[in-house]
Peer 1: 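Take a look at this one; I'll ask things after.
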2 protein chains.
Amino acid sequence: MRLTRYTDYAMRVLLYLGARPERLCSIAEIARAYDVSQNHLMKVVNDLVRAGYVASVRGRLGGIRLARDPGLVNVGQVVRHTEVDFDLVECGTCVIAPACGLTGVLREALEAFLQVLDRYTLADLLARRQDLADLFLRDPPRAGGS
Amino acid sequence: MRLTRYTDYAMRVLLYLGARPERLCSIAEIARAYDVSQNHLMKVVNDLVRAGYVASVRGRLGGIRLARDPGLVNVGQVVRHTEVDFDLVECGTCVIAPACGLTGVLREALEAFLQVLDRYTLADLLARRQDLADLFLRDPPRAGGS
DNA sequence: TTATACATGTATTTTTGATGCATGTATAAG
DNA sequence: CTTATACATGCATCAAAAATACATGTATAA
């Protein structure tokens with residue numbers, strides 16, 4: 001069970017921009033940072049622009065930035081937007097559909113999955129990241145320390 | 001986001017066998033019923049046999065049947081067994097791992113997904129199926145009826 | 001006017017899951 | 001004891017979908 005890289009990249013772009021709120025970032029820069037296809041990332045970003053998550057500035061010295069406060073970017077919403085295919089199994093050809101009890105259970109499970117994501121915003125993710133970074137940086141480990 | 005057909009087929013085999021508890025079924029028969037690759041299904045079934053969900057009888061007049069009561073076959077357990085890859089995103093190459101807040105949230109969401117499946121057994125699915133079948137068969141629709 | 005950065009449609013490539021093929025093993029019927 | 005049938009298993013091939021590359025267009029600041 002996997003999400004597409006498309007969704008993965010979308011989240012990474014938002015995280016990247018969320019961590020650099022005071023300036024424009026170029027798509028080329030982000031593609032370089034994550035070592036991914038610039039062309040692909042361009043499409044992901046454009047999708048986020050159309051959806052209103054990211055603002056873009058064309059032309060020389062242009063770039064992209066978050067279009068909303070990270071606290072207003074819901075993770076569930078983003079994933080629902082970027083991940084198109086949520087059909088966990090292929091019921092179209094199955095002979096026991098629609099009388100199959102599995103589909104309902106899977107639908108319920110998927111809903112639970114997305115509801116967890118609905119509880120978080122980009123701001124939460126950025127905060128978690130900071131928490132972890134603090135953990136690593138605050139108190140440098142030394143021999144015998146715990 | 002999708003499960004593999006491998007998992008899909010595994011569940012279908014269990015449902016098929018659960019609906020026919022009194023006899024042996026051949027893999028060829030089930031493959032025909034669902035119109036899927038017999039070779040692939042053979043591997044899925046063998047996996048279920050090794051895992052103890054299905055009992056197989058070799059040789060002429062052989063076949064397969066459930067090895068446990070449907071009430072003891074947990075859906076979450078089966079899916080965890082058949083679905084190998086639960087890495088929702090590819091963190092291996094990502095530069096912000098392990099300080100990325102996304103992984104924890106995704107892990108939590110996945111856990112919620114599986115916990116829903118953990119609440120159901122094969123018996124539940126078969127009962128649901130019966131409920132629906134009843135709905136369709138009990139009271140044949142007639143013109144103008146509601 | 002030019003360099004740069006986003007926008008967008010169309011190939012092509014890669015990945016990975018699904019399928020096909022070949023061969024082996026076990027068992028009931030005759 | 002031979003044969004037909006059904007499960008067991010490894011390897012090769014195919015197909016679908018996602019990722020990537022390529023080509024071209026549009027906007028804007030220097």
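Note on naming: letters A, B, ... go to the chains in the order of the sequence lines (proteins, then strands), and numbering restarts at 1 for each one.
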Peer 1: Is there a donor-acceptor contact under 3.5 Å from the side chain of Asp69(A) to the main chain of Gly71(A)?
Peer 2: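 Answer holds: yes.
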Peer 1: Sequence neighbours left out, what passes salt bridge (Lys or Arg N to Asp or Glu O under 4.0 Å) with Asp118(A)? Give chain and number order.
Peer 2: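 Partners of Asp118(A) by the salt bridge (Lys or Arg N to Asp or Glu O under 4.0 Å) criterion, ordered by chain and then number, come out as Arg80(A).
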Peer 1: As an exercise, state the distance from CZ of Arg107(B) to CG of Leu102(B), rounded to the nearest 0.5 Å.
Peer 2: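 Separation between the atoms: 10.5 Å.
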Peer 1: On the ring face of Tyr16(B), is Arg12(B) found with NZ or CZ under 6.0 Å from the centre and within 45° of the axis?
Peer 2: no
Peer 1: If you take any heavy atom closer than 4.0 Å to DNA chain D, which residues from residues 8-36 of chain A end up in contact?
Peer 2: Tyr9(A)
Peer 1: At 4.0 Å (heavy atoms only), tell me whether Arg50(B) reaches a base, stays on the sugar-phosphate, or touches nothing.
Peer 2: sugar-phosphate
Peer 1: Rounded to the nearest 0.5 Å, how far apart are CG of Leu14(A) and CZ of Arg68(A)?
Peer 2: 9.5 Å
Peer 1: With rounding to the nearest 0.5 angstrom, report the CD to OG distance, Glu29(B) to Ser26(B).
Peer 2: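 Between Glu29(B) CD and Ser26(B) OG, I get 5.0 Å after rounding to 0.5 Å.
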Peer 1: Please list, in 5' to 3' order, the outermost nucleotides of DNA chain D lying under 4.0 Å from any heavy atom of chain B.
Peer 2: dT5(D) to dC11(D)
Peer 1: Does Arg60(B) or Gly59(A) map to a spot on DNA chain C nearer the 5' end, using the closest nucleotide for each?
Peer 2: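 The residue whose closest nucleotide sits nearer the 5' end is Gly59(A).
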Peer 1: Hey, which of these two, Leu61(A) or Met42(A), hits DNA chain C nearer its 5' end, going by closest nucleotide?
Peer 2: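 In this pair, the answer is Leu61(A).
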Peer 1: Which protein N or O atoms sit under 3.5 Å from an N or O of nucleotides 10-14 of chain C?
Peer 2:
| from | atom 1 | to | atom 2 | distance (Å) |
| --- | --- | --- | --- | --- |
| dT10(C) | O4 | Lys43(A) | NZ | 3.2 |

Peer 1: So, using side-chain hydrogen bond (donor to acceptor under 3.5 Å, both in side chains) as the criterion, who are the partners of Gln77(A) when residues are at least two apart?
Peer 2: none
Peer 1: Here's a test of your reading of the structure: between Arg5(B) and Tyr6(A), which maps to the more 5' nucleotide of DNA chain D?
Peer 2: Arg5(B)
Peer 1: Kindly say whether Leu3(A) contributes a backbone atom to a donor-acceptor pair with the side chain of Thr7(A) at under 3.5 angstrom?
Peer 2: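 Not a single qualifying donor-acceptor pair exists.
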Peer 1: Enter the distance from Tyr53(B):OH to Leu66(B):CG here, rounded to the nearest 0.5 Å.
Peer 2: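 Interatomic distance, Tyr53(B) OH to Leu66(B) CG, rounded to 0.5 Å: 11.5 Å.
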Peer 1: Please give, in whole Å, the distance from dT19(C) P to Asn46(B) CG?
Peer 2: 17 Å
Peer 1: Quick one: CE on Met11(A) to CG on Leu117(A), what's the gap to the nearest 0.5 Å?
Peer 2: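 Met11(A) CE to Leu117(A) CG: 8.5 Å, rounded to 0.5 Å.
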Peer 1: I'd like to know if the side chain of Asp35(B) and the backbone of Arg32(B) have a donor-acceptor N/O pair within less than 3.5 Å.
Peer 2: no
Peer 1: For DNA chain D, which ranges pair as stems of 3 or more consecutive Watson-Crick or G-U pairs, with both donor-acceptor distances under 3.5 Å?
Peer 2: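 Ordered by first number, the stems with DNA chain D (at least 3 consecutive pairs each) read C:1-30 with D:1-30.
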Peer 1: Touch check for Asn39(A), heavy atoms < 4.0 angstrom, all strands: base, sugar-phosphate only, or nothing?
Peer 2: base
Peer 1: Please report, rounded to the nearest Å, how far the C1' atom of dT16(C) is from the CD atom of Glu83(B).
Peer 2: 12 Å
Peer 1: Does this structure show an ion pair linking Arg2(A) with Asp85(B), if we count only N-O contacts that are shorter than 4.0 Å?
Peer 2: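 Between Asp85(B) and Arg2(A) there is a salt bridge, with a charged N closer than 4.0 Å to a carboxylate O.
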Peer 1: Is the backbone of Val116(A) close enough, under 3.5 Å, to the side chain of Glu108(B) for a donor and an acceptor to pair up by distance?
Peer 2: no
